[in-house]
Amino acid sequence: MDFGPRAENRRKCEQTRRNSRVMAMDGLTVGSFRQFFATSPVACPYVPGRAERKLIVELGGSGGAAFYDDLSRAGFRRSHRFAYRPACRGCSSCVPVRIAVERFHHTRSTRRVHNTNRDLCGSLVTACATLEQFRLFSAYQRMRHSDSDMASMRYGDYRGMVEDTPVRTALAEFRDSCGDLVAVSLIDLLDDGVSAVYSFYDPYQTKRSVGIWSVLWLVEECRRREQPFVYLGYWIADSPKMAYKDRFPALERLDEGGWTVFAR
């Protein structure tokens, strides 16, 4: 997703909220210097036949990182220098979810994935794009998402996705015993945990379930940092690409009453 200047020019954004003093939304108090906008409807990439609209706000300027911490707790995600949240009329399929680290205990399935990948070593590195990462990213897109816009991204586009950020962003790299790069997770470091922005991995190593493994590693990383949550973005029951998130133990969901235990 791209909410940069070029994308803004392509879309006619209508201002949806403005207040001369303070605005409150889902318990989030926002000063008047922040302006929220709604995008025009486009075809939903997750549920066929539905239209998608987003509420977006720019994160730049003083206090952008702390502002994004609060936005994450209110169900927002980040793309480049913007935070966004679905604002679709008549649809609430996108449900923000997060893992409560303290309550997390392995299931038989997650323990199997963990044991399968014992040879992998994960490390946090600076959010700087490399050609090695981009080659893995391109292979992943060709094999798993060949019909998406991301499949046609060039190195400059990938570099923008990684480095164009006004908040605390890092990369988690996962390498095998030979030192080969197997998976990468682009993450934002929050005051209460981490937000998994985007992950990709070697599409030929399907038996590893590296996508699941990367989330399990983030859970352990939060434990090391003594932080309570791993934010996974949106769970969408009608989308196979997004429905897998309900497999994780200790999952929570955000609804009108706040964050609650995810009922299966």
Side-chain angles (χ1 to χ4, degrees), residues 1-3 26 39 41-56 68 71-80 82-101 104 107 109-110 113 137 140-151 153 161 172 183-188 190 193-203 206 208-219 222 229-256 258-264:
M1 298 178 189
D2 184 8
F3 298 126
D26 290 340
T39 62
V42 296
C44 178
Y46 301 112
V47 183
R50 297 186 187 177
E52 175 190 64
R53 295 172 75 246
K54 285 184 169 65
L55 191 66
I56 65 173
Y68 181 54
L71 287 173
S72 296
R73 285 185 281 272
F76 280 75
R77 302 287 287 164
R78 184 186 66 82
S79 178
H80 294 264
F82 292 81
Y84 67 91
R85 176 177 169 173
C88 308
R89 292 170 178 164
C91 179
S92 57
S93 294
C94 294
V95 179
V97 292
R98 68 186 185 185
I99 296 174
V101 173
F104 181 91
T107 63
S109 175
T110 61
V113 172
F137 173 84
Y140 173 79
Q141 296 299 334
R142 287 194 303 268
M143 289 289 293
R144 300 296 300 268
H145 305 289
S146 60
D147 58 343
S148 73
D149 293 339
M150 297 183 80
M153 286 173 58
M161 184 181 80
V184 177
S185 289
L186 177 65
I187 63 173
D188 289 331
L190 309 174
V194 300
S195 174
V197 178
Y198 194 80
S199 298
F200 54 93
Y201 49 87
D202 185 343
T206 56
R208 280 188 178 271
S209 299
V210 187
I212 301 295
W213 157 257
S214 65
V215 173
L216 300 179
W217 189 89
L218 291 177
V219 170
C222 280
F229 302 113
V230 176
Y231 290 83
L232 298 181
Y234 302 114
W235 171 80
I236 306 173
D238 295 330
S239 170
K241 293 180 181 179
M242 306 294 277
Y244 75 93
K245 297 175 183 181
D246 65 7
R247 302 175 192 170
F248 291 103
L251 200 65
E252 296 182 348
R253 60 184 291 160
L254 180 63
D255 54 30
E256 293 181 357
W259 288 97
T260 60
V261 174
F262 191 100
R264 289 171 174 78

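FYI, side chains are in, hydrogens and waters are out, and symmetry mates aren't considered; it's all heavy atoms of this structure. The first residue in the sequence is number 1, and the count goes up from there.
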Study note, to complete from the structure: Between Arg85 and Gly75, the two heavy atoms sitting closest are CG-O, 4.0 Å
Study note, to complete from the structure: Correct closest heavy-atom pair for Cys222 and Val101 would be CB-CG2, 3.8 Å
**Study point:** side-chain contact (heavy atoms from CB on, under 4.5 Å) partners for Val197, two or more places apart
**Key:** Arg78, Leu186, Asp188
Study note, to complete from the structure: With sequence neighbours left out, the residues meeting salt bridge (Lys or Arg N to Asp or Glu O under 4.0 Å) with Arg98 are Glu252
Practice item. Mind checking side chain to side chain donor-acceptor pair (under 3.5 Å) for Ser185 and listing every partner two or more places apart, or none if nothing turns up? Key: Ser199
Review point. Mind checking what makes salt bridge (Lys or Arg N to Asp or Glu O under 4.0 Å) contact with Arg208, not counting sequence neighbours?
Key: Asp119
**Study point:** Gap between atom OG1 of Thr260 and atom CG of Asp255 - 0.5 Å precision
**Key:** 4.0 Å
Point to revise | With Thr110 via side chain to side chain donor-acceptor pair (under 3.5 Å) - residues at least two apart | key: His106, Thr107
Point to revise | Beyond-backbone contact of Tyr234 with Ser93, side-chain heavy atoms, under 4.5 angstrom | key: no
Revision key, fill the gap. What one should report as the nearest heavy-atom pair of Lys245 and Leu251 is O-CD2, 3.4 Å
**Study point:** Closest non-hydrogen atom pair, Leu55 against Ala87
**Key:** N-CB, 4.0 Å
Study note, to complete from the structure: Taken in chain and number order and not counting sequence neighbours, the residues that satisfy side chain to side chain donor-acceptor pair (under 3.5 Å) with Asp202 are Gln205
Point to revise | Aromatic contact, Phe262 with Trp235 (centres under 6.0 Å) | key: yes
Review point. Any side-chain heavy atom of Tyr201 within less than 4.5 Å of one from Arg144?
Key: yes
Review point. CG/Leu71 to CG/Leu190 distance, rounded to the nearest 0.5 angstrom?
Key: 10.5 Å
Check your understanding: Who are the side-chain contact (heavy atoms from CB on, under 4.5 Å) partners of Ala151, not counting sequence neighbours?
Key -> Gln141, Ser148
Practice item. Apply ring-ring contact (aromatic ring centres under 6.0 Å, His included) to Tyr68 and list each qualifying residue two or more places apart in sequence or on a separate chain. Key: none
Exercise for review: Decide side chain to side chain contact (heavy atoms under 4.5 Å, CB included) for Leu232 and Ile99; before the verdict, give the C-alpha distance in whole Å, the side-chain angles of both, and the deciding distance to 0.1 Å.
Suggested key: CA-CA 8 Å; Leu232 298 181; Ile99 296 174; 3.9 Å; yes
**Study point:** CG-SG distance between Leu254 and Cys94, expressed to the nearest 0.5 angstrom
**Key:** 12.5 Å
Practice item. Would you name the heavy atoms of His80 and Met161 that are closest together and state the gap between them? Key: CE1-N, 3.6 Å
**Study point:** Sub-4.5 Å side-chain heavy-atom contact between Pro86 and Glu52
**Key:** no
Exercise for review: Look at the rings of Phe137 and Phe200 and say which category their plane angle falls in: under 30° parallel, 30 to 60° tilted, over 60° perpendicular.
Suggested key: perpendicular
Point to revise | Qualifying salt bridge (Lys or Arg N to Asp or Glu O under 4.0 Å) pairs with a residue from residues 232-241, counting only residues at least two apart or across chains | key: Arg50-Asp238
Check your understanding: Quick one: side-chain contact (heavy atoms from CB on, under 4.5 Å) partners of Thr206, sequence neighbours excluded?
Key -> none
Exercise for review: Please round to the nearest 0.5 Å and tell me the distance separating atom OH of Tyr231 and atom CZ of Arg73.
Suggested key: 5.5 Å
Exercise for review: Just jot down the side-chain contact (heavy atoms from CB on, under 4.5 Å) partners of Tyr244, sequence neighbours excluded, or say none.
Suggested key: Ile212, Arg247, Phe248
Point to revise | Nearest-0.5 Å distance that lies between atom OG in Ser92 and atom CD in Glu256 | key: 8.5 Å
Practice item. Look up atom CD1 in Ile187 and atom CH2 in Trp217, then write down how far apart they are to the nearest 0.5 Å. Key: 6.5 Å
Revision key, fill the gap. All heavy atoms of Tyr198 vs all of Tyr140, minimum pair found to be OH-CE2, 3.5 Å
Practice item. Could you pull out all residues at least two apart from Ser72 that satisfy side chain to side chain donor-acceptor pair (under 3.5 Å)? Key: none
